[in-house]
Amino acid sequence: MGHLAGKDLYRKLGKKIDGLALRAPWNETLYSILRELYSPQEAELIVKMPYGLSTLDQIQKVSNLDRNDIQKLLENLSEKGLVLDLWIRDKYYYSISPLIVGIFEFTMMRTRGELNTKEWSRLFHDYLQDSSTFYRTNLSKGQSISSLRTIPHEETINNEDYVEILDYEKASAIIDNAKKYAIGICSCRHEKLHVGEKECDIPLETCTSFNNAAENLIRHGMAREVSKEEMLDNLALSKENGLVLCADNVRKNVSFICNCCGCCCNILLGVSRFGYPNVVVTSNFIARIDSDECIQCGTCVDDCPIDAITNGSNGDIPIIDETICLGCGVCSLNCKSESLKLERRKSRVFCPEDTFERIILQSLEQGTLQNLMFSNPQNLSHSFLRGVVGGFLKLPVIKSALMSDRLRSRFLTTLRKS
């Protein structure tokens, strides 16, 4: 198997991953990451695979590789989280893992096989902390569709607004509606531990997943199955430790909730360190202080995980930067005077219905939707159409129209039927 070799092969692999819903801009650190995680045979298979979901038969057809070789490579790639193997309608479908949420998280959650965790942590840290590469590429043009959204701590919402909160906005409801549960190692906290930047005493094992995602992580040794009671205990610990709840950015079939601290989470650091508040979607709520009740104790200033609250001058109440407030409620959890609560935002924040919608809209924003529409990398006509349609979809007026409230639903319905 294989005619590509050396750096050229991994450059093609990097280009393939960069063509997914979240961009992975090339640099020497990404080259080192890919070389560390993928064998040359695995890299060549990824390069030849379709961009979207595909069966073993479809992969063999487009790659012209030996079926048994493909099967073994897919099994190994899935075990490492570099390919997602999804059981759909009585057969496995395979999808290339994006950089985030995907390669980084699954690599740092691994517990089986040959683990070079310290080196992986160093490489991912160097790549993600280079703000001129990852964050700027994915967020500098005002992108609004993130892989994650903020879920408020329910007890911090004021009574008048709590009656309007929907099930997909409540961690307790997400847990209650799930059938299978798993908890694994937090990838960000694990990475920061190995590079000496973990400042908190939060346990590593806090990452929660549900249903099919839980089953997949359990099967590949990246998480352990837990009961609903243990999952609720984990949620209670997140409240006690003042962690931000960041969930799968969908309304239906939420697959995970991250329990994030300000010192380790690469998503929260994207806001506080690199200045990209759109790295995570806010909740439908925002923090408000009752000036008559506030005692200016400064607890909320210390507790905000993204430094969105600062002390007021001359004894005034703290000031909330509403341009970056996530609406997480962490600032309210320890408010001594109970003067700080979450109130509903003036406009409801858009959340995709399901994973299909999120990936389509993310890909449209990132300029890669044409890869999903014409997914065979070996087909010349698909290559031509990717170029033509990709150029059309990147036109600002076209992208803006398809993302608008007026056309978005019709656009998504058309793609779903195709």
Side-chain angles (χ1 to χ4, degrees), residues 1-87 91-124 127 216-217 219-222 368 371-372 375-380 382-383 386:
M1 186 181 171
H3 299 91
L4 298 171
K7 194 168 186 176
D8 184 55
L9 169 60
Y10 287 100
R11 184 68 183 87
K12 289 178 182 294
L13 174 61
K15 183 177 181 181
K16 188 63 172 283
I17 294 169
D18 185 52
L20 301 174
L22 195 73
R23 307 305 296 266
W26 179 262
N27 62 19
E28 287 300 310
T29 306
L30 181 63
Y31 168 56
S32 297
I33 290 171
L34 299 180
R35 190 179 58 182
E36 179 73 24
L37 298 179
Y38 299 78
S39 71
Q41 294 79 14
E42 291 168 343
E44 185 168 351
L45 176 61
I46 295 288
V47 169
K48 293 183 176 182
M49 282 176 63
Y51 282 94
L53 283 173
S54 51
T55 64
L56 177 59
D57 288 339
Q58 290 170 323
I59 295 170
Q60 182 185 21
K61 182 177 180 180
V62 301
S63 68
N64 292 317
L65 300 173
D66 179 79
R67 184 182 180 87
N68 290 331
D69 289 344
I70 296 172
Q71 181 78 64
K72 291 176 183 176
L73 288 169
L74 288 173
E75 289 174 358
N76 197 44
L77 286 162
S78 299
E79 182 71 7
K80 295 189 290 185
L82 304 177
V83 161
L84 298 176
D85 54 342
L86 308 173
W87 186 253
K91 66 173 67 174
Y92 276 113
Y93 283 75
Y94 300 92
S95 178
I96 304 166
S97 291
L99 185 68
I100 307 283
V101 173
I103 297 168
F104 166 68
E105 288 79 9
F106 299 142
T107 297
M108 298 309 301
M109 292 174 74
R110 284 172 58 183
T111 62
R112 299 197 299 226
E114 295 183 10
L115 304 178
N116 193 13
T117 309
K118 190 173 183 65
E119 177 65 6
W120 298 340
S121 298
R122 183 188 68 79
L123 290 170
F124 279 123
Y127 186 76
N216 189 282
L217 292 176
R219 178 156 46 88
H220 293 302
M222 298 177 191
T368 60
N371 296 335
L372 291 176
S375 64
N376 185 351
Q378 312 304 317
N379 186 291
L380 289 178
H382 275 215
S383 178
R386 281 197 299 273

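Everything numeric in this text was worked out from a predicted model, so none of it was measured.
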- Query: For the atom pair CG (Leu53) and CD (Gln58), what is the distance rounded to the nearest 0.5 Å?
  - Reply: 9.0 Å

- Message: Can you give me the closest heavy-atom contact between Pro25 and Leu30, atom names plus distance?
- Response: O-CD2, 3.6 Å

- Note on the structure: What one should report as the nearest heavy-atom pair of Lys16 and Ile96 is CE-CD1, 3.9 Å

- Item | Thr111 side chain vs Gly221 backbone, donor-acceptor pair below 3.5 Å | yes

- Task: Show your reasoning for whether side-chain contact (heavy atoms from CB on, under 4.5 Å) applies to Lys48 and Val62.
- Result: CA-CA 7 Å; Lys48 293 183 176 182; Val62 301; 5.8 Å; no

- CZ-CG distance between Arg67 and Leu56, expressed to the nearest 0.5 angstrom: 4.0 Å

- Check for a donor-acceptor pair, side chain of Arg110 on one end and backbone N or O of Glu79 on the other, with a separation under 3.5 Å. no

- Going by the angle between their ring planes, with limits at 30° and 60°, are Tyr31 and Trp26 parallel, tilted or perpendicular? tilted

- Query: So does Glu28 pair up with Arg35, basic N to acidic O under 4.0 Å?
  - Reply: no

- Query: Considering only heavy atoms from C-beta outward, does the side chain of Phe124 approach that of Ile103 to under 4.5 Å?
  - Reply: yes

- Query: Going from OG1 on Thr55 to OH on Tyr92, what distance comes out if it is rounded to the nearest 0.5 angstrom?
  - Reply: 14.0 Å

- Identify the two heavy atoms, one from Ser97 and one from Val83, that lie closest to each other, and give their separation to 0.1 Å. OG-N, 3.6 Å

- Residue pair Tyr127, Leu99: steps toward the side-chain contact (heavy atoms from CB on, under 4.5 Å) verdict: CA-CA 11 Å; Tyr127 186 76; Leu99 185 68; 3.4 Å; yes

- Nearest-0.5 Å distance, CG of residue Asn64 to CD1 of residue Ile59: 13.0 Å

- Message: Can you give me the closest heavy-atom contact between Asn76 and Glu42, atom names plus distance?
- Response: ND2-OE2, 2.5 Å

- Task: Enter the distance from Ser54:OG to Lys61:NZ here, rounded to the nearest 0.5 Å.
- Result: 12.5 Å

- Message: Quick check on side-chain contact (heavy atoms from CB on, under 4.5 Å): which of Leu115, Thr117, Leu123 does Glu119 satisfy it with?
- Response: Leu123

- Closest non-hydrogen atom pair, Thr368 against Gly19: CB-O, 3.3 Å

- Kindly indicate whether a cation-pi arrangement holds for Lys80 with Phe106, taking the cut-offs as under 6.0 Å to the six-membered ring centre and within 45° of the axis. no

- Item | Side-chain touch Leu82/Thr107, heavy atoms, less than 4.5 angstrom | yes

- Task: Output, in order, the C-alpha distance, side-chain angles, deciding distance and verdict of side-chain contact (heavy atoms from CB on, under 4.5 Å) for Leu45 and Tyr38.
- Result: CA-CA 10 Å; Leu45 176 61; Tyr38 299 78; over 6 Å; no

- Message: Would you compute the distance between atom OH of Tyr10 and atom CG of Leu37 and round it to the nearest 0.5 angstrom?
- Response: 9.5 Å

- Message: Tell me the closest heavy-atom pair linking Asp66 and Asn68, and the distance in Å.
- Response: OD2-N, 3.1 Å

- Arg219 and Asp85: side-chain contact (heavy atoms from CB on, under 4.5 Å), yes or no, with the steps? CA-CA 11 Å; Arg219 178 156 46 88; Asp85 54 342; 2.7 Å; yes

